[in-house]
Amino acid sequence: QVQLVESGGGLVQPGGSLRLSCAASGRTFSYLAMGWLRQAPGKEREFVAAVSWSGSTAYADSVKGRFTISRNNAESTVYLLMNNLKPEDTAVYYCAADRTVSRIVTVNIEYWGQGTQVTVSS
């Protein structure tokens with residue numbers, strides 16, 4: 001079992017930045033791929049970013065160049081730095097963990113966090 005707890009969401013103006021954190025506990029963190037997904041009102045949950053146990057990353061086209069995912073295996077934590085935020089980034093952001101990045105990209109995920117709200121508005 002893996003438990004995931006997100007933090008760092010909030011209200012930010014367009015063009016601003018936020019950093020989300022996800023603390024993991026339970027199963028050995030270092031061997032898991034980690035990621036972030038989001039769900040806006042009335043829309044399906046969608047992939048945002050993922051990082052493998054070795055540090056390889058993948059991003060949705062909509063966030064490339066603006067978001068950066070990283071992990072600290074010693075602290076069992078994954079981060080999502082979001083820059084140049086846009087109103088369309090408004091969503092509940094979920095931390096996720098699974099065996100491979102591809103499973104996270106295809107939203108075929110075993111472990112989920114509870115979500116944290118990100119609102120981009122002036």
Trainee: Under a 3.5 Å threshold, yes or no: a donor from one side chain and an acceptor from the other, between Ser121 and Thr119?
Mentor: no
Trainee: Would you be so kind as to tabulate the donor-acceptor pairs closer than 3.5 Å made by side chains of residues 16-23, with sequence neighbours excluded?
Mentor:
from  : atom 1 : to    : atom 2 : distance (Å)
Ser17 : OG     : Asn83 : OD1    : 2.8

Trainee: Among residues at least two apart in sequence or on other chains, which ones pass side-chain contact (heavy atoms from CB on, under 4.5 Å) with Thr57?
Mentor: Val51, Tyr59, Ile69
Trainee: Any salt bridge (charged side-chain N to carboxylate O under 4.0 Å, His left out) pairs touching residues 34-43, not counting sequence neighbours?
Mentor: Arg38-Glu46, Arg38-Asp89
Trainee: Between Phe67 and Val120, is there a shared hydrophobic cluster once you connect ILVMFWY residues whose side-chain heavy atoms come closer than 4.5 Å?
Mentor: yes
Trainee: Say you draw a straight line from OG of Ser52 to CG of Leu32; how long is it, rounded to the nearest 0.5 Å?
Mentor: 11.5 Å
Trainee: Verify, without hydrogens or angle tests, whether Glu110 (side chain) and Ala97 (backbone) share a donor-acceptor contact under 3.5 angstrom.
Mentor: no
Trainee: For Val107 and Phe47, which heavy atoms make the closest approach, and how far apart are they?
Mentor: CG2-N, 4.4 Å
Trainee: Has the side chain of Arg103 got a donor or acceptor atom that lies under 3.5 Å from a matching backbone atom of Ile109?
Mentor: no
Trainee: Can you confirm whether more than 12 heavy atoms, excluding those of Glu44, are under 6.0 Å from its CD atom?
Mentor: no
Trainee: Let me confirm one number: the OG-CD distance from Ser25 to Gln1, rounded to the nearest 0.5 Å.
Mentor: 10.0 Å
Trainee: Which heavy atom of Cys95 sits nearest to which heavy atom of Met34, and what is that distance?
Mentor: SG-CE, 3.9 Å
Trainee: Return the minimal non-hydrogen interatomic distance between Gly9 and Val118, and the atom names on each side.
Mentor: CA-CG2, 4.2 Å
Trainee: So which heavy atom on Ile104 is nearest to which on Gly35, and how close?
Mentor: CD1-N, 3.7 Å
Trainee: Are Tyr94 and Val78 connected in the hydrophobic side-chain network, where two residues link if heavy atoms are under 4.5 Å apart?
Mentor: no
Trainee: Hey, could you give me the CG/CH2 distance between Leu80 and Trp36, rounded to the nearest 0.5 Å?
Mentor: 6.5 Å
Trainee: Taking Tyr79 as the starting point, is it possible to reach Val92 by hopping between hydrophobic residues whose side chains are less than 4.5 Å apart?
Mentor: no
Trainee: Which heavy atom of Leu4 sits nearest to which heavy atom of Ala24, and what is that distance?
Mentor: CD2-CB, 3.7 Å
Trainee: Do Val63 and Val12 share a hydrophobic cluster, counting only Ile, Leu, Val, Met, Phe, Trp and Tyr and linking them when any side-chain heavy atoms are less than 4.5 Å apart?
Mentor: yes
Trainee: Assigning hydrophobic clusters by single linkage (Ile, Leu, Val, Met, Phe, Trp, Tyr; side-chain heavy-atom cutoff under 4.5 Å), is Val48 placed with Met82?
Mentor: yes
Trainee: Over 60° means perpendicular and under 30° means parallel, so tell me whether Trp53 and Tyr31 are parallel, tilted or perpendicular.
Mentor: tilted
Trainee: Are any side-chain N or O atoms of Arg45 and backbone N or O atoms of Ala40, one a donor and one an acceptor, separated by less than 3.5 Å?
Mentor: no
